[in-house]
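The chains referred to below are lettered A, B, ... by the order of the sequence lines, with proteins before strands, and numbering in each begins at 1.
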Amino acid sequence: MNCLEGLNDKQKEAVMKTEGATLILAGAGSGKTRVLTHRIAYLITEKGVRPNNILALTFTNKAAKEMKERIENLLQMNTYSLWAGTFHSICVRILRRDIERLGYNTNFVIFDYTDQKTVVKNCIKELDVNPKHYEVKSMISFISNQKNKLTSPQEYIKEFFGDFRERQKGEIYELYQSKLKSNNALDFDDLITKTIELFINNEDILDYYQEKFRYILVDEYQDTNSAQYELIRLIGKKYKNVCVVGDADQSIYGWRGADISNILEFEKEYTNSKIIKLEQNYRSTKNILNAANYVIDNNMNRKKKNLWTEQEDGKPLCLYNAESELQEASFVVDRIQNIRDIENYFYKDFCILYRTNAQSRILEEMLIKRNIPYKIVGGLKFYDRKEIKDIVAYLRLIQNPLDDVSFKRIVNTPKRGIGLKTVEKVQDYCNNTGESLYSAILDVQDIGGLSKGAIAKLEKFSLLISKFIAMKEIMGVKELIEAIINDIGYIKELEEQQTLEAESRIENIKEFISVAVNYEENEGEKSLEDFLANISLLSDIDKTDETVNNSVTLMTFHSSKGLEFPIVFMTGMEENVFPLSRAIFEDDELEEERRLCYVGITRAEKQLFLTHTDRRMLHGKSQFNAPSRFLEEIPRNLIEEYLGEKANKRKQIREGMKKQEGKLFKGHVYRHETIKPAINDIENSTNIAIGTKVNHKVWGIGTIVQVKGEGEKTEVTVAFKNKGIKKLMLSFAPIEII
DNA sequence: ACGGGCGTCTTTTTT
DNA sequence: AGACGCCCGT
C-alpha cells in the first residue's frame, strides 16, 4: 500500500508533514478529504502511529464515517480505535467519562433548540422581567455567543453591572445555566465549553488526552468558533501536532460564531507552523471554476488565491429567468428530465440548491407531480415532529429522571387529566425541596394542596415511568420504544382519530422504530444514552435517507458544503432572497452571502444552472426582486441564457433592453432597472423601481429600497435621509418621483 | 382540563 | 402563509 499514490506534489507534502503544526489552505475541490485520509493512513503505516493516538474532527458524522471507511479500504485494517467525529460527538465521549468532576451525572441529556426555548421562557417568567425586552430567540443566541466566547454568566454580570439591561441578560443566562444543570442537561455549546472547563480544572484529565491525541486533524477549520479553537489548543498544547484544513472563502457560519480569524490565530499560536496551499481543483470545468473565482473576487476582505484546473472549458453556465417560482420549478424539473434522457445522467447526479428551506416546497411539489424521485436534506426535520419529540421525551426522562423539561412534555401526553395547575403545584413543591419533578411524585403524598384525583393520576404516572426505568435495564432500545408506545397507547390514540395527519404520524413513529433497529445493528455501543446523544447530534446531512438510492437531492446552500454533484441548479438567484434582504446593507453579511454563493457554484462538476424569477410569493405576499447581484458578477461570456418556447415575447423585450443598455450583465444595470412586472400586466406597470428617488411631503427625499405587491396594493419601502426606513402604500402615500 | 377561535407576529442559514 | 400565544367558553 502506498499512501502517496495518485497525489500531486502539494498533496504529498501535506500528507508527509506529520510533525508540528500544519495549516492546509485547501481551495474548493482540491482534494482535501483525500489528503486527510491519506495523511492518517500515512501516520499509521509509515510513522507507526497507533490509531488510538489520532483525533480527527470533521464537520458532520457522515464525513467522519466516510473518512474511516476510506482509511479501512486503504489499509485493510479496522479503525475502531481511531477517534473521528464532530466536535460535539467527540466532546460527548469525553464528558461521559468524567463529567462528574463538574457536578453533572454521566447520564446527562442534550437539550436541543426547542428545549432551550422552553428553558429560556421559564427563566424570563421566573425572573419576572418584561418579556417584550427579551425575545426568546435572541436570548438563546446571546447565550450561545457568550458560551462561544467562553464568558460565564458571572463574568458577564460583573462586566455589565452598571447597565441594567445587560445585567438582566446576564441574569437570565445565569438562571438558564443553573436550570440546565439541575436538569442534568447540556446544550450544544455546553458540550464544547464543559469539556474545556473539565480540562482546565483537571490537569490529570487534560494530560491523559494530550498524551492520547498526539496527532490532531481538523477539517473545515474555517467554520470553527473560538471555543472549538480553544479546545484544540488545549489538547494540542503538549505535542503540537495539529493539522488544520480549511478555506476562508468557504466560511459560511459566521452567524453561528465561526471565526475566520482562527486561521490567523493559528499562525500566531504555532510559531513554527507550515502552510501548504492546495490550489489545483479537480472537481469542476474551467467555466464553472472561473465563474466561482470571479464572484468571490468581489469580496474585499480576503486573501487572493489562485484556484486552477486542467479540465476543459465545459458547457457554459445556463441562466434562466422565470416569471414565477412555479415556472422556475417547472424549468428545473424539465431540464433534469431532459438531461437525464439525453445525456446519460442519473437522478442522483442532480442537486437543487436554495437559500432558505421555505423555497423547497414548490420544487418538491413539481418533482412529485412529474414522478421524479428526490430526497431532501434538512427542512423536513423528522426529529422535530411532535410525535417523535414525544417518544424521545419519554426516553430522555427514563434515561435521566432529572429532566424536568421532558417530564412536563409528557406528563399529560397522551391525555391523563393532569393539567397545568397540578404540574404547577408539583413545581412549587420542587422549588422548595430542590427535587426534580419525577422524584417529587414518587412520594406524591408529601406534596401539599393536591386533589385526591390529581394524586391518584400522578401516582399512576410515576408508576408508569418507574416501570419503564426498570425495563430499560433489561431491554434494547428498539424493544423499549415499542413497549412504551404500546403501554401509553400512543398509536392507538392516533388510529382513533382516523385523519390523514394521524396516519402520517403513525408512519413517522414506525420510521423512528426502524431508526432504533438500525442503530442496534450498526453501532458498537448500544446504550439508551448513546442512542439519544446520537440522534441529537446528527447534522441534516447525517439525517438524510441513504437508502433512497437514485434520486435528485434538494438542500440549502449551507447544507451543500463539502458535497459535489455533476449538475447543480442554483435557484432563487434574486436580490432579497440571495443575498438575503437583511444582508444587503451589512458588508460582513453580504460577504458571507457571497462566500455562500461561491460554495454553491463550486459544488458543480459539469453543468451549472442559475435561475431567478420576476415574481415570488414570499411570506404570503408577492414580491418583485431584481436578479441577484451575484449573477452580474459572473462574466457574461461564461453564461448562456436559456429562452424557452414560451419566452419569445420575453426575448423580444430583452433584446430591446439589451440595445438600450448596451450590455445586460455588465455593471449593476439590473438593480436600477425598472421592476419587471409579470408579462401579462405589462400595460399596468408603473415606474416604481428599486433605486428610484422620491420626494415625500413630510419626510423629504428618499430612495426606494423595496417594492412589494402589485396594482393598488403596491407597498414600497423607502429609505429617507435622517428619517429612517418607512413602509408606504403607494396608492396613498404623498410622494412623487423625482 | 381542554379545545376552538381569534389576533399577532415574523420572516435565514444549524451543531 | 403559517406558527404561536392568548382568551374564552364548555
Open item on the list: Holding to side-chain contact (heavy atoms from CB on, under 4.5 Å), I want the full list of residues that pass it with A/Glu493, two or more places apart in sequence or in another chain.
Closed with: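 side-chain contact (heavy atoms from CB on, under 4.5 Å) check on A/Glu493 returns A/Pro414.
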Open item on the list: A/Ser451: which residues meet the side-chain contact (heavy atoms from CB on, under 4.5 Å) condition with it, sequence neighbours left out?
Closed with: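 Once residues adjacent in sequence are excluded, the partners of A/Ser451 under the side-chain contact (heavy atoms from CB on, under 4.5 Å) criterion are A/Ala454.
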Open item on the list: Enumerate the salt bridge (Lys or Arg N to Asp or Glu O under 4.0 Å) contacts for residues 249-259 of chain A, please, sequence neighbours excluded, ordered by first and then second residue.
Closed with: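 Those involving residues 249-259 of chain A are A/Asp249-A/Arg302, A/Asp249-A/Lys305.
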Open item on the list: Taking salt bridge (Lys or Arg N to Asp or Glu O under 4.0 Å) as the cut-off, I'd like each qualifying pair that reaches into residues 220-234 of chain A, sequence neighbours left out, listed once.
Closed with: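 Every salt bridge (Lys or Arg N to Asp or Glu O under 4.0 Å) pair that includes a residue of residues 220-234 of chain A, provided the two are not neighbours, is A/Lys32-A/Glu220, A/Glu220-A/Lys561, A/Asp223-A/Lys561, A/Glu230-A/Arg233, A/Arg233-A/Glu269.
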Taking 4.0 angstrom as the limit, do [X] and [Y] come out as a salt bridge?
X	Y	answer
A/Glu365	A/Lys369	no
A/Glu592	A/Arg595	yes
A/Glu325	A/Arg615	no

TODO: For A/Ser536, answer base if it contacts any base atom (sugar-phosphate contacts may also be present), sugar-phosphate if it contacts only those atoms, and nothing otherwise; contact means non-hydrogen atoms under 4.0 Å.
DONE: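 No contact.
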- [ ] For A/Leu420, answer base if it contacts any base atom (sugar-phosphate contacts may also be present), sugar-phosphate if it contacts only those atoms, and nothing otherwise; contact means non-hydrogen atoms under 4.0 Å.
- [x]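 Answer is sugar-phosphate: A/Leu420 comes under 4.0 Å of backbone atoms only.
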- [ ] Using heavy atoms to find the nearest nucleotide of DNA chain B for A/Thr60 and A/Glu589 separately, return the residue whose nucleotide is more 5′.
- [x]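 By nearest-heavy-atom nucleotide position, the 5'-most residue is A/Glu589.
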Open item on the list: Given the structure, check if the side chain of A/Arg582 and the base of B/dT12 hold any donor-acceptor pair shorter than 3.5 Å.
Closed with: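 Yes.
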Open item on the list: At less than 3.5 Å, do the side-chain atoms of A/Arg355 and the base atoms of B/dT13 form a donor-acceptor pair?
Closed with: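 In this structure, the two groups form a donor-acceptor pair.
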- [ ] Give a yes/no on whether any side-chain N or O of A/Lys137 is located under 4.0 angstrom from OP1 or OP2 of B/dT11.
- [x]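 Checking B/dT11 against A/Lys137, a side-chain N or O does come within under 4.0 Å of OP1 or OP2.
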TODO: Ignoring backbone atoms, test whether A/Asn412 places a side-chain nitrogen or oxygen under 4.0 Å from the OP1 or OP2 oxygen of B/dC2.
DONE: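 A/Asn412 to B/dC2 OP1/OP2: side-chain N or O found under 4.0 Å.
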Open item on the list: In whole Å, I'd like the distance from the CZ atom of A/Arg616 to the C1' atom of C/dA1.
Closed with: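 Result: 15 Å.
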TODO: Determine which bases of DNA chain B form Watson-Crick or G-U wobble pairs with both distances under 3.5 Å, and write the result as a 5' to 3' dot-bracket string with | for other-strand partners.
DONE: ||||||||||.....
Task: Spatial distance of atom OG (A/Ser89) from atom CG (A/Asn534) [nearest 0.5 Å] - done: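 Separation between the atoms: 8.5 Å.
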- [ ] Considering only atom C1', compute the distance from C/dG5 to B/dT12 and round it to an integer number of Å.
- [x]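 The same atom, C1', in both gives a distance of 23 Å.
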TODO: Could you check which residues of residues 112-122 of chain A get a heavy atom under 4.0 Å from DNA chain B? Sort them by number, please.
DONE: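 Under 4.0 Å from DNA chain B: no residue of residues 112-122 of chain A.
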TODO: Ignoring the backbone of A/Trp255, work out which of B/dA1, B/dT12, B/dT14 is nearest its side chain.
DONE: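 That would be B/dT14.
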Task: Aromatic-base stack, A/Phe87 on B/dT15, cutoff 5.5 Å, angle under 30 - done: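 No; centroid distance or tilt outside limits.
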TODO: Identify the residue among A/Asn225, A/Asp189, A/Thr193, A/Asp187 that makes a side-chain hydrogen bond (donor to acceptor under 3.5 Å, both in side chains) with A/Lys147.
DONE: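 It is A/Asp187; the other options fail the test.
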